[in-house]
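On a predicted model such as this, the values are computed, not experimentally measured, just so you know. Here is the naming used below: chain letters follow the sequence lines, and residue numbers restart at 1 for every chain.
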Protein chains: 6
Amino acid sequence: MDHNLKKLIEHALSEDLGHGDATSEATIRPESLSVAAMLAKQDLVLAGLDAARVVFLYLDPGIKFTSFAHDGDRVSAGTEIAKLSGNTRALLAAERVALNLLQHLSGIATLTAKYVEQVKGLKAEVLDTRKTLPGLRQLEKYAVKIGGGRNHRFGLYDGVLIKDNHIKASGSITKAVENARKAAHHLLKIEVETSSLDEVREALLAQAEIIMLDNMPLGLMREAVALIAGKALVEASGNVTLETVRAIAETGVDFISSGSLTHSAPAADISMKIK
Amino acid sequence: MDHNLKKLIEHALSEDLGHGDATSEATIRPESLSVAAMLAKQDLVLAGLDAARVVFLYLDPGIKFTSFAHDGDRVSAGTEIAKLSGNTRALLAAERVALNLLQHLSGIATLTAKYVEQVKGLKAEVLDTRKTLPGLRQLEKYAVKIGGGRNHRFGLYDGVLIKDNHIKASGSITKAVENARKAAHHLLKIEVETSSLDEVREALLAQAEIIMLDNMPLGLMREAVALIAGKALVEASGNVTLETVRAIAETGVDFISSGSLTHSAPAADISMKIK
Amino acid sequence: MDHNLKKLIEHALSEDLGHGDATSEATIRPESLSVAAMLAKQDLVLAGLDAARVVFLYLDPGIKFTSFAHDGDRVSAGTEIAKLSGNTRALLAAERVALNLLQHLSGIATLTAKYVEQVKGLKAEVLDTRKTLPGLRQLEKYAVKIGGGRNHRFGLYDGVLIKDNHIKASGSITKAVENARKAAHHLLKIEVETSSLDEVREALLAQAEIIMLDNMPLGLMREAVALIAGKALVEASGNVTLETVRAIAETGVDFISSGSLTHSAPAADISMKIK
Amino acid sequence: MDHNLKKLIEHALSEDLGHGDATSEATIRPESLSVAAMLAKQDLVLAGLDAARVVFLYLDPGIKFTSFAHDGDRVSAGTEIAKLSGNTRALLAAERVALNLLQHLSGIATLTAKYVEQVKGLKAEVLDTRKTLPGLRQLEKYAVKIGGGRNHRFGLYDGVLIKDNHIKASGSITKAVENARKAAHHLLKIEVETSSLDEVREALLAQAEIIMLDNMPLGLMREAVALIAGKALVEASGNVTLETVRAIAETGVDFISSGSLTHSAPAADISMKIK
Amino acid sequence: MDHNLKKLIEHALSEDLGHGDATSEATIRPESLSVAAMLAKQDLVLAGLDAARVVFLYLDPGIKFTSFAHDGDRVSAGTEIAKLSGNTRALLAAERVALNLLQHLSGIATLTAKYVEQVKGLKAEVLDTRKTLPGLRQLEKYAVKIGGGRNHRFGLYDGVLIKDNHIKASGSITKAVENARKAAHHLLKIEVETSSLDEVREALLAQAEIIMLDNMPLGLMREAVALIAGKALVEASGNVTLETVRAIAETGVDFISSGSLTHSAPAADISMKIK
Amino acid sequence: MDHNLKKLIEHALSEDLGHGDATSEATIRPESLSVAAMLAKQDLVLAGLDAARVVFLYLDPGIKFTSFAHDGDRVSAGTEIAKLSGNTRALLAAERVALNLLQHLSGIATLTAKYVEQVKGLKAEVLDTRKTLPGLRQLEKYAVKIGGGRNHRFGLYDGVLIKDNHIKASGSITKAVENARKAAHHLLKIEVETSSLDEVREALLAQAEIIMLDNMPLGLMREAVALIAGKALVEASGNVTLETVRAIAETGVDFISSGSLTHSAPAADISMKIK
C-alpha cells in the first residue's frame with residue numbers, strides 16, 4: 001500500500017500546492033516553528049491517521065507527529081487526536097491534504113460502523129462494493145474494514161461475479177457457471193446474481209459457491225435463504241440503507257453489500273489548529 | 001483538463017480491471033456486441049457525462065456513445081441520459097468506473113444547485129473550498145460550477161488568503177497584508193480572514209481586497225457587512241448548511257463558501273442497463 | 001492489457017533506441033520503404049504476434065503488418081508468419097524489440113505445449129507459477145494459456161495459498177485456514193500446501209478447497225489423492241519436468257504446476273528479413 | 001543503474017502484490033519476525049545478489065540482509081548465499097520477486113561462464129547481443145559481464161553496425177561506411193556485417209574498424225581472418241552454441257557474439273527458506 | 001519545489017548517464033575518493049547552488065557538499081563557491097548536470113541584477129514573463145527573484161491578462177473585463193493590455209486593476225501614466241533592454257517586464273576541479 | 001525522438017496551463033475560430049518548427065498548421081514562417097509553449113550557423129558539448145546539427161573521453177587508454193584530453209583514436225597538430241568564441257567544440273499574431 005499511498009499523496013500535494021503557497025511564503029518566515037493539534041469535532045470512528053501522518057512527513061520529514069488515537073478507535077467530539085510540531089510553513093501546506101484524506105476515510109469508517117451496529121447479534125456481515133472513487137479504492141476499502149465491515153472483491157480481476165448480462169451471453173446460469181469454472185483460475189469461487197427462486201435453484205444446481213439475491217423483497221429473500229439452506233453462501237444486495245439493513249440481516253443472509261458505505265458517506269468533521 | 005482526466009481514468013480503470021475481468025472473459029465471447037442505456041434513477045443535475053464518455057472510449061474507441069442530455073441539465077428520475085452500443089466486454093469493463101465518476105460529480109452538482117436555489121434573488125454567490133478528494137479537485141470544482149456555484153481559488157498557489165496563523169506570524173493584519181502585497185505577484189488580490197469587527201476594521205485599513213467573515217453569528221455578520229460598506233468584497237464561511245445558507249446570504253455578503261458541496265455530497269443514483 | 005503492453009513496449013523501444021539509431025540514420029534515407037518477412041526458423045507454437053504488431057505500429061502507424069498465422073497456431077520451420085511493409089528505418093528500429101517479445105512468448109508457448117502433450121488423455125491440467133520475469137508476468141501467463149496450459153493465481157493478491165510459514169505462524173493448518181476464511185474476501189478459495197498424509201488429513205478436516213502436494217514422491221502422491229477422494233481439488237508441485245510430468249499426472253491430481261514453463265523456456269527461433 | 005533498478009523492482013513488486021498479500025495478511029501477525037536463508041540448489045555463478053537485496057530493502061528497510069557471497073562468485077549446490085532477518089510478512093512478500101531476478105541473472109552468468117570456459121586460452125571474447133527481454137537489458141548485460149563475457153553495444157544508439165539492409169540502402173559497403181563516418185559522432189567506430197570474402201575485402205578498403213563474419217562456415221571464417229590480418233577487429237556471429245564456440249574461436253576471431261546467453265539461459269535454482 | 005526539482009534532476013542525470021559512464025567505469029576504481037572545488041570564473045550573482053547540491057546528493061548521498069556562498073550572493077571571479085568530497089565516480093557523473101543547472105540559473109540571476117541595477121532609485125520593479133524553457137519555469141523564475149526581480153504570474157492559470165485577441169473576441173475592453181470579473185475566481189485581479197490612450201481610458205473605466213502599456217514609445221507611455229494617475233497599476237512591456245530600461249522606468253510605471261531575463265541570459269561561467 | 005518530445009511538450013503545457021487558462025475561458029467562446037501567422041522578427045536559421053507543430057496538435061488535433069519554411073532554412077526578418085487556423089482558445093493556449101521551444105532552438109541554430117560560417121573553407125567541424133539544459137539535450141543537439149554543426153557524444157554512456165581526473169586515477173595516459181580499451185565496448189573509440197606536447201605524445205603512443213587539445217594557445221595547438229600528423233583525429237576545446245574560432249580552425253584541427261552554442265545562445269525573435 002505504501003507505494004500507491006505515496007503516489008496519491010504526492011499528487012494531492014502537487015494539486016494543492018502547485019508552484020508554491022502564495023500566502024505562507026509571503027507572511028511566514030521559512031524557519032518559523034509551530035505546534036498544532038488535530039481535533040475531532042464530532043463523534044467518529046477514526047480511519048486514515050497513518051495516511052495523514054505520511055502527508056506531513058512527505059512534505060517535511062522533520063515534523064513530529066504524535067498520535068493519541070489509532071485507526072479504528074471510536075473518538076468523541078472534542079478529543080485531541082494528534083499533536084504536531086515542526087516548520088510552520090510545512091504544517092500549513094500539508095494541513096488541507098491530510099485533513100481531506102482523514103475526514104473522508106473517517107467518514108466512511110463512521111458510516112460503516114453504524115451499519116455494523118445495526119446488524120449486531122446476527123450473522124450477516126456488511127460488505128463494500130466497487131462503487132468507489134477513482135484512485136481511492138484501496139483506502140476506501142481499508143476504511144470500511146476499519147469501521148467493522150468486510151471487503152468484497154477489489155476489482156473485476158480477483159473474483160467471479162456472474163450477473164444477468166453474463167448469463168444472457170452464456171445462454172443460462174448453468175452454462176455461465178460452467179464457463180467460469182473452466183476459465184477462471186482454480187482459486188476463485190463463483191458467485192451468481194439471482195432475482196427469482198428459479199434462478200436461485202439453477203445456481204444451486206450449477207454449484208455456485210455464492211448466490212447473490214439482487215433487490216429481492218424481504219419475503220422472497222427469506223424463501224431464497226431457506227431454499228439455499230447452507231449449500232451456498234448468500235449475499236443480499238440492493239436498497240440497503242441504515243433503516244433496512246437489520247431486516248435484511250434477519251432473513252438469514254451471510255453478507256449484505258452497500259455502495260453507500262463508500263460513495264455517500266459524509267466527511268467526518270476534524271480540524272487542525274495551530275496553538 | 002484532458003490530459004489529467006485521461007490519467008485519472010487510466011488509473012481508475014487499472015484499479016478496477018487489474019490483469020483482466022475474470023467474469024466477462026469467461027462468459028462473454030470477445031466479439032459479442034450489446035446496446036446499453038444509462039438512466040437517472042433520481043432527480044439530479046447532471047455533471048460528468050463527458051468524463052463518462054471518455055472512460056468508454058478510452059477502453060474501446062469503437063463504442064458509440066449517444067447522449068440525450070448535457071452537463072448542467074436538470075434531469076428527472078427515469079430519464080434516459082445516454083445510449084451506448086459496442087463490444088459487450090468493453091461496455092461492462094468500463095461501466096463501473098464511468099458510473100462512479102458520473103454519480104459523484106452529479107451528486108456534487110445536484111447538492112450545489114440546492115444551495116444556489118436557496119439564495120435565489122440575493123446577490124450572494126455559493127463558493128466551493130479546497131476540501132476536495134485527492135486527485136479529484138479539478139473535476140469536483142467543475143461539478144460545483146455546473147451546479148451553479150462559483151469556484152474559489154484552486155489551491156494555495158493561485159490566491160492569497162491570510163488566516164489567523166499568517167497574521168500571528170506577521171505580527172498583525174496590517175503587516176501580513178503588507179508582506180503579501182510585496183511578495184505575491186501583482187495579479188493576485190488579498191483576502192483576510194476575520195472573526196471580530198476590530199479585525200474587519202484593520203483589514204479595511206490595510207486595504208485587503210476581500211474580507212472573510214469566519215464563523216460569525218448572523219448579527220455580527222450584518223454589522224461587518226455594514227462596516228465594510230462595499231470597500232471590500234465579503235465572503236462568509238463556517239457552519240454553512242442548506243438550512244442556514246439563505247439567512248447568511250441575507251446579511252448582504254458577496255460570497256458564501258462551504259466544504260460540504262464537495263466533501264459530503266451523496267452520489268446521485270444513475271445506472272446502466274444492457275438491453 | 002493494452003495499457004500495460006503499451007508501456008512495456010514504450011520502455012523496450014526507448015531502451016533499444018535511446019537518442020536514435022546511429023546506423024540507420026546515417027545510411028538509410030528517411031523516406032525509404034521496404035517489405036519484410038517474419039519467418040519461423042523452428043517448429044513452434046506461436047504467441048505474441050499481436051504484441052509484435054503493436055511494437056511496429058507504435059513506432060510508425062504507417063507500417064502495414066499482415067499476419068499469416070495466429071497466436072496458438074502450431075507453425076513449422078520455414079513458415080512465413082507475417083509480412084510487413086513500410087518505412088525502412090522504422091522497420092529496422094522496431095525489429096529487435098518485436099522479435100525479442102515474440103521469441104520469448106513463443107518459447108513459453110512451445111514449451112508449455114510439450115508439457116500439455118505429455119499429459120494428454122489424463123485429467124491433469126498444467127499450471128504456471130509466480131516464477132516470472134519482472135514486468136512480464138501478464139504476457140508470460142498469456143503465453144502459457146496459448147500453449148494449452150492454465151493460469152494459477154496472478155499474484156499474492158488474488159488467491160490464498162497457505163504454505164508452511166503461514167501454518168507455523170498461525171499454529172496449525174486448522175487455525176491458518178480458519179484465519180484465512182475470516183480475513184480473505186468471500187470469493188477466494190483456500191489452498192493449503194502439504195508434504196505428508198497427516199497434513200493432507202488436517203487440510204481436509206479444515207475444509208481447504210484445494211490441497212497442494214509439495215515435492216511428494218509418486219507413491220505418497222497416489223495415497224494423498226486416494227485420501228482426498230474428490231473432497232478437494234489437488235495440485236502437484238515440485239520437480240516437475242518433461243520427463244516426470246506424465247507419471248505425476250497419472251497419480252490422479254487435478255493440476256500440475258511448474259516454474260520452468262516461464263523461467264527456463266528457451267527463446268523460439270524467429271527472424272525477420274528485409275526483401 | 002540504481003534509478004532504473006528501483007523502478008523495475010517497484011513495478012515487479014506491484015505486479016506480484018497488487019492490493020496486498022491475501023494469505024500473509026490473514027495468517028501472519030503484522031509484527032511477526034523471522035530469519036530466512038537463501039540457498040543455491042545447483043552449482044552456479046552468482047549474479048543479482050545486490051538487486052535481490054534492494055528488493056527486500058525496498059519493501060522494508062528494516063530487513064537485515066547479510067550476504068555470504070558476491071556477484072561473480074562460483075557457488076556450489078547447497079551453499080548458503082545470504083541470511084535475512086526481519087518482518088515475516090515483508091520477507092514473504094519480497095521473496096518471489098527477489099528470487100525471480102536472482103535466478104534469472106545467475107542463470108545468465110552461469111551460462112556465460114560455460115561459454116567463456118570453452119574458449120579458455122584463446123584470444124576470442126564472448127559477447128552478448130541486443131536479444132534481451134523488455135526492460136531487462138541493463139541487468140542481463142550486467143549478468144553477462146559477471147559471467148566473464150563482454151558487452152556489445154547497449155542499443156542502436158551507441159554503436160554503428162552496418163548490416164545488409166544498410167548496405168543495400170546506401171548502394172555499397174564503401175558508400176555505407178562513408179555515410180556513417182560523416183553522420184555518426186566521431187567517438188563511434190564502424191562495424192560492417194559481411195558474408196563473403198568479397199564483402200570482407202570491400203569493408204577493409206572502406207577502413208571499417210570492425211568486421212563481422214555472419215554465419216560463415218569455419219573454413220571461410222579462417223580465410224576471412226587471414227585476409228583481415230589485424231587491419232580490423234573481427235566478430236563472429238551466428239550458430240554459436242556451447243558445442244561450436246571453441247572451433248569458432250580457433251579461427252582467430254576477436255569476438256564471438258551469441259543471443260542465447262540472454263534469451264535462452266535457464267533460471268539458476270536458488271531458494272529461500274524461513275528457519 | 002522539491003518534488004519537481006527531484007524529477008528534473010532525475011531526468012537530467014538519466015539523459016547524461018544513460019546506461020553508465022563509459023569512461024569512469026573503465027578508468028576509476030569504484031571505491032576511489034576525491035575532493036573537488038567549485039569556482040566562479042566570472043563576477044556573478046549566484047543562483048541554483050541548492051539545486052546543484054541536490055544533484056550530487058541524489059547520485060550519492062555520501063557526498064559531502066560544503067558551500068561558501070548562498071543563492072543571491074554577488075560572487076567575484078575566482079571565488080571558491082563550494083567544496084565537495086566523496087566518491088570520485090559519483091562526483092564526475094554529477095558534475096555536468098549540476099553545473100549546467102547552476103550556470104543557467106546564475107546566468108539569469110546575474111542578468112536580472114543588471115536590469116535591477118539600472119532602475120535603482122526608481123519605483124519600477126523588473127518582472128519576468130512566461131518566456132521560459134520547457135520544464136524550467138519554476139527554477140528560472142526563482143533565479144529572477146534571486147537576482148532582485150519580481151515574478152509575474154506563473155502561467156495562464158493564476159492571473160488574468162486580457163490581450164488584444166481577448167478584447168476582439170469579447171467585443172470591447174469593457175466587455176472583456178466584465179466577462180473576466182464574472183468568470184475568474186474572486187482572488188484574481190484583472191490586467192488589460194493597451195496600445196493607445198483610448199484603450200487606456202477604456203480600461204480605466206472598466207476598472208481594470210492593472211494596465212499594461214504594450215510597446216509604447218516613451219512619450220506615449222508618460223501620457224498614459226499621467227492619465228492613469230494611480231487608479232491602476234501600470235506595467236510596461238516590449239523592447240526592454242539594458243539600454244532602454246531606465247528611460248522606461250523614468251516614465252513612472254510600476255513594473256517593467258522582459259522575456260530576455262530568462263530566454264537570452266548567457267550561462268555564467270562556473271567550473272569544478274578535482275583537486 | 002517523438003516519445004520524448006511528446007512528454008516534454010505535455011510537461012511544458014501543463015506547466016503553463018495548470019488547471020486552465022483563466023483569461024481565455026472568461027473572454028473567448030469555446031467554439032471561436034481564428035487564423036494566426038507566425039513571423040520571424042529577425043534574420044535566423046529556423047529550428048524546431050516540427051516541434052512547434054506538435055505542440056499545437058497535441059493541444060487540439062483540429063488545428064491546421066501550414067508551414068512555409070523548414071528547419072534549416074535561413075529566414076529573413078519579416079518572413080511568415082507558418083499559418084495556423086483553428087480553435088481560438090487552443091491557439092492561444094499553445095502559443096507560448098510553441099514559441100518558447102521554437103525561439104530557443106532557432107537561437108541555437110542561428111548561433112551555430114555563425115560559427116560554421118567563420119570556419120568556411122577549412123576542414124574543421126564545429127561540435128556541441130554536454131553543456132545543455134536539463135531535459136533539452138536531444139532537441140538542443142538537433143538544433144546544432146540544423147545550424148550546420150556536428151554532434152559530439154550525447155552523454156557519458158556513448159563515448160569514451162579520458163580527462164585529467166581519469167588519467168590521475170589510472171596512473172598515466174597509457175594506463176587509462178589501456179583500461180578503457182578493455183572495459184568499454186568494442187564499438188567505441190577513445191579520446192584523450194591533453195594540455196601539453198608530452199601528453200599528446202603519450203596519447204599517440206597509447207593509440208588514442210582522438211586527441212583533445214584543451215585550452216592550448218594557438219602556437220602550441222599548431223605544434224600538436226604537426227606532431228599528431230593524422231595519426232589521430234584532433235579536437236580543440238576551450239575559449240572558443242565567434243572571434244577566435246577561425247584562428248583555431250586554421251591550426252588544422254579536425255573539430256572545435258564549444259558549450260556556448262547551447263548554453264548561451266540568445267532566443268531568436270519569432271512571434272505569432274492572430275489575424
Side-chain angles (χ1 to χ4, degrees), chain C residues 8-9 11-12 15-29 32 34 88 92-93 96-97 99-101 103-104 107 130-137 154-166 168-170 176 179-180 182-184 188 259-260 263-264 266-267 274, chain D residues 8-9 11-12 15-29 32 34 88 92-93 96-97 99-101 103-104 107 130-137 154-166 168-170 176 179-180 182-184 188 259-260 263-264 266-267 274:
Chain C
L8 185 79
I9 285 171
H11 184 50
E15 200 179 40
D16 197 28
L17 274 169
H19 59 261
D21 179 343
T23 314
S24 292
E25 287 168 19
T27 59
I28 298 173
R29 273 164 309 117
S32 160
S34 295
T88 312
L92 292 175
R96 190 70 264 140
V97 170
L99 286 180
N100 285 347
L101 260 175
Q103 294 186 241
H104 181 55
R130 288 165 46 237
K131 297 181 178 177
T132 59
L133 289 172
L136 299 173
R137 183 166 291 172
F154 269 75
L156 295 168
Y157 57 92
D158 69 333
V160 175
L161 174 39
I162 297 174
K163 302 193 179 180
D164 49 357
N165 299 312
H166 305 108
K168 264 183 255 169
S170 297
N179 287 340
K182 254 187 305 209
L188 295 184
S260 60
H263 69 45
S264 296
I274 302 272
Chain D
L8 185 81
I9 285 172
H11 184 50
E15 200 179 40
D16 196 29
L17 275 169
H19 59 262
D21 180 343
T23 314
S24 291
E25 287 167 19
T27 59
I28 298 173
R29 274 164 309 114
S32 160
S34 295
T88 311
L92 292 175
R96 191 70 266 140
V97 169
L99 287 180
N100 285 347
L101 260 176
Q103 294 185 242
H104 181 56
R130 287 165 47 236
K131 297 182 177 175
T132 59
L133 290 171
L136 299 173
R137 183 166 292 173
F154 270 75
L156 295 168
Y157 57 93
D158 69 333
V160 175
L161 174 38
I162 296 175
K163 302 193 179 180
D164 49 356
N165 299 311
H166 304 106
K168 265 183 254 168
S170 297
N179 287 339
K182 254 187 305 206
L188 294 184
S260 61
H263 70 45
S264 295
I274 301 273

Approximate separation, where rounding is to 0.5 Å, of [X] [atom1] and [Y] [atom2]:
X        : Y        : atom1 : atom2 : value
D:Glu15  : C:Thr132 : CD    : OG1   : 5.5 Å
D:Leu136 : D:His104 : CG    : NE2   : 5.5 Å
C:Phe154 : D:Asp16  : CZ    : CG    : 12.0 Å
D:Glu25  : D:His19  : CD    : NE2   : 8.0 Å

Out of [options], which one racks up the most heavy-atom pairs below 4.5 Å with chain D?
options                      : value
C:Ala169, C:Ala267, C:Ala176 : C:Ala267
C:Gln103, C:His263, C:Arg137 : C:Arg137
C:Val97, C:Leu156, C:Leu133  : C:Leu156
C:Val160, C:Asp21, C:Leu8    : C:Asp21

Heavy-atom distance under 4.5 Å to chain D: side chain of [X], backbone, both or neither?
X        : value
C:His11  : side chain
C:Leu188 : side chain
C:Lys182 : neither

Picking from [options], which has the most non-hydrogen pairs under 4.5 angstrom with chain C?
options                                : result
D:Leu161, D:Ile162, D:Leu99, D:Asp164  : D:Leu161
D:Gly259, D:Ala184, D:Ser264, D:Gly155 : D:Ser264
D:Ser34, D:Gly107, D:Ala93, D:Ala22    : D:Ala22
D:Gly159, D:Gly20, D:Ala12             : D:Gly20

Residues in side chain to side chain donor-acceptor pair (under 3.5 Å) contact with C:His166, at least two apart in sequence or another chain: D:Ser24

query: Do the non-hydrogen side-chain atoms of D:Leu92 and D:Ile274 ever get within less than 4.5 Å of each other?
result: yes

field: Side-chain heavy atoms of D:Ile9 within contact of D:Leu101, under 4.5 Å
entry: yes

task: Check each atom of D:Lys168 against the heavy atoms of chain C and say whether the ones under 4.5 Å are side chain, backbone, both or neither.
output: side chain

- request: Side chain from CB out, backbone as N, CA, C, O: work out which of these in D:Ile28 comes under 4.5 Å of a heavy atom of chain C, or both, or neither.
  value: both

message: Donor-acceptor pair, distance only, cut-off 3.5 Å: does the side chain of C:Ser32 make one with the backbone of C:Thr88?
response: no

Which residues share a side chain to side chain contact (heavy atoms under 4.5 Å, CB included) with C:Ala26, sequence neighbours left out: D:Ala180, D:Ala183

